[in-house]
Every structure is written in structure tokens, then in C-alpha cells.
2 protein chains.
Amino acid sequence: MSRRRVTIDDVAKLAGVSYQTVSRVINNKPYVSETTRQRVQEVIAETGYRPSPIARSLVTARTATIGLVVPDISNPYFSAIARGVEQVAYSKNYNVLLCNTGEDASRELEVLHALDERYVDGVIVCGLREEDALLQEALVHFRAAVLVNRRFADETIPAIVVDDVLGGYLATQHLLQMGHTAVGFIAGPTTSYSGAKRLQGYEKALTEAGLERQIDWVQHCPPTVVGGQLATQTLLANHPEITALFCYNDLVAVGALRDCAAVGRRVPQDMAIVGYDDIMLATLVSPPLTSCHVPRVEMGSQAVSMLLNCINNETDRCDEIVVTPELVVRASTMGVDTAVSVKQTAVLPNRAH
Amino acid sequence: MSRRRVTIDDVAKLAGVSYQTVSRVINNKPYVSETTRQRVQEVIAETGYRPSPIARSLVTARTATIGLVVPDISNPYFSAIARGVEQVAYSKNYNVLLCNTGEDASRELEVLHALDERYVDGVIVCGLREEDALLQEALVHFRAAVLVNRRFADETIPAIVVDDVLGGYLATQHLLQMGHTAVGFIAGPTTSYSGAKRLQGYEKALTEAGLERQIDWVQHCPPTVVGGQLATQTLLANHPEITALFCYNDLVAVGALRDCAAVGRRVPQDMAIVGYDDIMLATLVSPPLTSCHVPRVEMGSQAVSMLLNCINNETDRCDEIVVTPELVVRASTMGVDTAVSVKQTAVLPNRAH
DNA sequence: ATCATATATGTGAACGCTCACAATATCATT
DNA sequence: AATGATATTGTGAGCGTTCACATATATGAT
């Protein structure tokens, strides 16, 4: 089909120089006279020569490729991160290898193993469920790695995290400020790192308001619409006194919304609901959801920047970026339909040393 | 950091055989005695040896990697396809290189070029906007390519397409059966291949019902919520006689829903709305949207199967799979909230020779 | 014992590049 | 005119595999 590939030797021969000189031109290295450089470049243009990244990788031990591990790319939360990752990776001439784990912890290790075999220069890993020790053992093989939304206890691996304690706090505080005193938490998966953080924020807000936290008011569930709906059903059946719900994410919140619709509870009059992540869906359901906005695309971009810093051993490497979530108030907690941003401060990363 | 890589020679030495024998074991080739095979495998296990895919690629000219080009991975339509692609690619030990084009036609060529340089074994390209000639010129470099949702005039490149004429027909027919006679079409981008197909189906249904198609009842727009909302606003301002809308996709349909809400038109009583694609969102808005279901994950899986067939020159290669959409009726066109599948036939691909 | 045949193993080369170093050319200094 | 520094070019080797072929050993029929 396609004729034989043009090699560096072909170019060298045609330009009447050694292959090494051609290599110098390609890589913009010094010690090439202007005239030869031009001649070589002409030949390259004429022949349409493209250096083989594979041959290059074989000797440089770099692939200009990074791995992106997500639980499920069709989940809007992760696809937004992926967008950010792809965007800046591409702009820096890196390619992105995509891997789904399907929310399966053991698949995480499997996938990392596969990426390792592929010699990626680094990995960005999101939404991990597997244990610290096993993950660390798997991640140590990589030249560089960045975690998204998780921190290891010993903080060995750089990470970009959302300040979920703050998020949980803001969400709960808002509900308390709206006059609610019985606030439930539909808490997502028990294994979720961020879920645990949000729970802390939730508790903090309650404590601060002088309210006792009721163990029973926290209900775990899968992070899906159906999960949220069932959890809400269960929780409200056992505790009809609850008048407000803080939800693990927007999908869960939509589930809560549906359960309320099903049993005839009006939102926000009979039940106030706050979601998390602020995915597009939050603005489109009715009533639109109050939600904690998380800048996902930016998180993806920043993760790549961190990673490339590590890969290239730049001086300004940092090992943690904390992203500040922002509560966006909509009709699911207030009588009005207009979105109001309670915290108007810019979402700037806090760089740690 | 990590100690020197284990090579095939190391294994050979330790097992007391030649590197070629080790290679045979790795690749499950014949002509290795059972005893040596075992010995080699033991050494491989002990040393944790992994063959270098790069060195292998250099000689085999295969990378076990496929490229996936999408306009925007954060668009739920494409992320679902990506999911399907990744799933079966991974199961066949292929990796997926992800590329966004950002709905930018010239980026499509750029990205394909980049993938070509990376020596991917094949590409799957979705939602192309660029002209036939340019794309064909770019795609000819690949060992294999599969298009999703587009066909070239000369049918040179295998493709997986939705029967959008049928989809448009089913959607429109449904609206006509519900008693509407003034059915508008919010048609999406003018450059969309599938948009053109759906328009044909729309016209076909009208013609069949003996209705004259009104040029003015078709309004193009960007394939977004806002695009749909504005287009609806414009269309209904000019043609208040319209009582039903067929929309290019679900996002556009949600836009239509919003415009109706804004101007106080009740759905479905004053305005019936049909979307397309049946993304999750369609079930979550209120009223839930009647929509044309497109099996996106399956399309992704099948695209990979087609591609791998081409790459490996399997005998049963085919160059077109037509996927049948299915109308899912929900409350946006009927008085009831229960979803009803009008066409219950299984969604099976029609294989063309 | 002899030869053909099948099985088992080994050797040189190549894939297309970059690295480390060697060789030559250029030019100002002494 | 010889010296040394600096710019420019070239050479050999190697990255870690697989391919094509050569060789050795075992099996079975004559």
C-alpha cells in the first residue's frame, strides 16, 4: 500500500551529509552550519520525512506518551478531566493513552501494569479505589505519576485534590443557613476517599452549628442516579424528620430529586437538596440543583502540567495542588431559579512548597 | 530510580538458552521443547521480565495501539463511544490513543497527522467535519481506518453509521401519529452529515403523510443546549403555528424544553418535543424526553472489531455496519410518564458483504 | 547402518534512530 | 608557522526485539 518509509539515511544521502547531521537538524541541536541546515530541511520537506518515534523511543527511553486512568470515561466527571488532560498534553506534544477501570479496584493494578509495559513517561490516575500499599507498589515503576482526588497517607506521590472538607462544609453550612436542622447525607460509596472528606466537612458544619451528628442520617450508596434514589428512599423512610439532603454528587442528588418527585415531596419547599461536582446536568434538571462546583477541566490540565514537571525534573515541581470548590446556589435549595455564586473568590490552586 | 531493565538476553543467559529460544517462548511459537519452555518461563517469572513493546514495534512495524479521534471527549455522545472502544480494545490487548479536535475541522487533519507519526495500527474517527478529499488523503496513510457516523461518497473507508434517515423518519412519524401537522425541525449544524440524513427522514415522513414541507420550519443551530434554546426561540417567534419539534439531538431538545418553559408553553400539551441519541440526560429532565436511541457504546465496540479485522486482514471484513436507532417514547410527546419502546426489535447491525 | 524428515536450537542481520566520541575544518593568537 | 580553541562533520556502537536462515539433534523408514 504505502511505499517504503523514508529513513534518516535516505535524507542524509540526498542531502549529501551524514545521518548524524540530519539528526542534529531534526533535534535543533547546535553545530550545524546554516547552509547545511537549510539543505537538509529542504530534503526533509521534499521527501516528507518524519522521524520514527519508535526508533527514537528505543534509544531515548521516552515515549512522549502519558497514561490516563479513569474509572469510566463515559462518566461526565471524568470525561471533563480527560478533556483538560488531552488538551494540554496535546499542546505539549504528548499523547494520551486512555484506560478505563470500570470502577473495579483490581483492574486499576492491571491497567497500570499495562501502561508500564507500554513505557509511558508518566501516568495520571483518577478516582482510585484500590489500597494504598498496592497502588504505591504499582506506581513506583513510573518515571512520574500524579493522582487526582486522592492522597496517600505518606504523601509520596504528587496529587491534585479538591478541598472536599471545605466543599462538604460549604454545602452543609448553606443548608443550615437556610434554616434546616435535620440535614441528611447521601454519602456515595464507602470506599470513596473524597466521600470521607465531604463527610468530615458535613460533620464540621453540624458541630459548628451546635448540632449533634446523627449516625443514621448518613446513607452510603453507589454514585449513580439509581443509587441515590434508593438511598434517599431508605433514608427518608427511616427518618421522615429530615428536611434537607447533602448528596455525594449530582447524580446521587438527581436520584434524590426523583425519589422526592415519586413520593410527592416538593423541592425545595419540603426538601432542600445539594449536589456535588456541578456537572451540566445540575443546571438542566428541575429544579436546577444547588451544587458544589469543581473545576474538572482545569484539574485535568493542571495534572498534566504537574506530571510534565516531574518527568522533566523542572525546578518548580510541587507535590500538591488543592483546588477550592465553590458552592453554586440554585433552585433546589431556594425559592428562586436564578443561580447565585455564594463564594465569588477565584478558584486558584494553593501551591504547597 | 529503577534498576536496569531486564532484557531478553538476560533471560536467555539465565535459562542457558539463546535469545531466540526465549523469543519463541514469549510469542508462543512452535519448535521449543516442553522442558526448555518451562525453564524459560520460570526465569521470566523470577526476573519479572517484560518484553519491550517498543523494540518489538521497531521490527514488526506494529504498535498494538489504535487512535480514537473525537470532537470532544467531554460530550456524552462521544464519551460513550470511547467507552465502547476502550473496552474491547483493551480486551484485545490494544491501547487507545485519545485525540480531541474541539469541533475544529483543520484540527482533524492535524491530529490524524500526529497519530500517523505515532505509528498507530489504525484509527477510529468520529464526528468529522472536514471535507471528504482532505480526510481521505489523511486517512490513506493508515493501515486501517473506520469512520463513525460518516460515509465518504466513494465508500472507500469502512464505516459504522446510524440509519439516521430512519431515525428522522421514526421521530417525525411519531409526532404526526400524535396528531401534529405542523412539525418543525431544529436541525443542528449545517455541516453535520447525520443532520442531513435526519432531515431526509423528516421530509420522508411528511411526504408520506401528504404534508408539504415548509422550508422555514427547519432551523439550524449549534448542537448545544443554548444553541437549541435560541433556535427554538427564533423558530417559534416566526412560526407560532408549530406544535411539535423534532430536534437534532437531546441537548438541542433540552434547549427547546427550556425555551418552552421560559415562554410558558407546556410540554407536551402545547408543544411536543423529540430528541435524538437518548443520552442519560433525556431521562432526567422534566418532562423526560422522547428520543431516538442510538447504541453508542456498542457502536464503539463494533468500530474496534471492524478496525481489528482490517488490521489483521481477517476474512470476514465488512465495510459498513448500519445501526438501527429506536424511538423511545417518553412524556415530552405523551401525557404519561412511562417510557414505552415503540420499536421493540433488537438493535442488530446490518452487515453489508 | 543410511538417509530423509521433523524437531529443536543458535547465529547474523536488521528495524531507525541517538549517543559518545573521533576527525576534520576554521579562525584568531602567539 | 605553529598553537590552541571552537565550530562543523563523520563513525561506530547500541537500544531490545524479531526475521531469515543455518545448524544440530532426534525420529522413523529403508
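Letters A, B, ... mirror the listed sequences (proteins, then strands); counts begin at 1.
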Roughly how many Å is it from CD1 in B:Ile8 to P in D:dC19, rounded to a whole number? 11 Å
Would you indicate whether the side-chain heavy atoms of B:Ile311 and B:Arg62 approach each other to under 4.5 Å? yes
Within this structure, what is the CZ-to-C1' distance between B:Arg56 and D:dC19, rounded to whole angstrom? 14 Å
Sugar-phosphate only, base, or nothing, as touched by B:Arg62 at under 4.0 Å among non-hydrogen atoms: nothing
Give me the residues of residues 17-33 of chain B where at least one heavy atom lies under 4.0 Å from an atom of DNA chain C, by number, or none. B:Val17, B:Ser18, B:Tyr19, B:Gln20, B:Thr21, B:Arg24, B:Tyr31, B:Val32, B:Ser33
Rounded to whole angstroms, how far apart are NZ on A:Lys13 and C1' on D:dG10? 14 Å
Roughly how many Å is it from CD1 in A:Ile54 to C1' in C:dT18, rounded to a whole number? 16 Å
Rounded off to whole Å, could you give me the CD-to-P distance for the A:Glu117 and D:dT17 pair? 11 Å
For A:Thr36, answer base if it contacts any base atom (sugar-phosphate contacts may also be present), sugar-phosphate if it contacts only those atoms, and nothing otherwise; contact means non-hydrogen atoms under 4.0 Å. sugar-phosphate
Find the distance B:Asp9:CG to D:dG14:P and express it as a whole number of Å. 12 Å
B:Glu117 atom CD, neighbour heavy-atom count above 12 within 6.0 Å: yes
Distance check needed: D:dG16 P versus B:Leu58 CG, whole Å only. 12 Å
Nearest atoms (heavy-atom pairs only) where A:Ala15 meets A:Val43: CB-CG2, 3.8 Å
When rounded to the nearest 0.5 angstrom, what is the spacing between CG in B:Asp9 and CG in B:Leu14? 11.0 Å
Value rounded to 0.5 Å, distance of CD1 in A:Ile8 from OG1 in A:Thr21: 9.5 Å
Take atom CZ of B:Arg37 and atom P of C:dT9, then tell me their distance rounded to the nearest Å. 10 Å
Residue whose nearest DNA chain C nucleotide is more 5′ - B:Thr35 or B:Tyr119: B:Thr35
Output for pair (A:Glu130 CD, A:Asp132 CG), nearest 0.5 Å, gives 10.0 Å
Identify all side-chain donor-acceptor contacts of residues 82-91 of chain B below 3.5 Å with residues at least two apart in sequence or on another chain.
{"residue": "B:Arg83", "atom": "NE", "partner": "A:Asp72", "partner atom": "OD1", "Å": "2.9"}
{"residue": "B:Arg83", "atom": "NH1", "partner": "B:Gln87", "partner atom": "OE1", "Å": "3.4"}
{"residue": "B:Glu86", "atom": "OE1", "partner": "A:Asn100", "partner atom": "ND2", "Å": "3.2"}
{"residue": "B:Glu86", "atom": "OE2", "partner": "A:Asn100", "partner atom": "N", "Å": "3.2"}
{"residue": "B:Tyr90", "atom": "OH", "partner": "A:Glu110", "partner atom": "OE2", "Å": "3.4"}
{"residue": "B:Ser91", "atom": "OG", "partner": "B:Val88", "partner atom": "O", "Å": "2.8"}

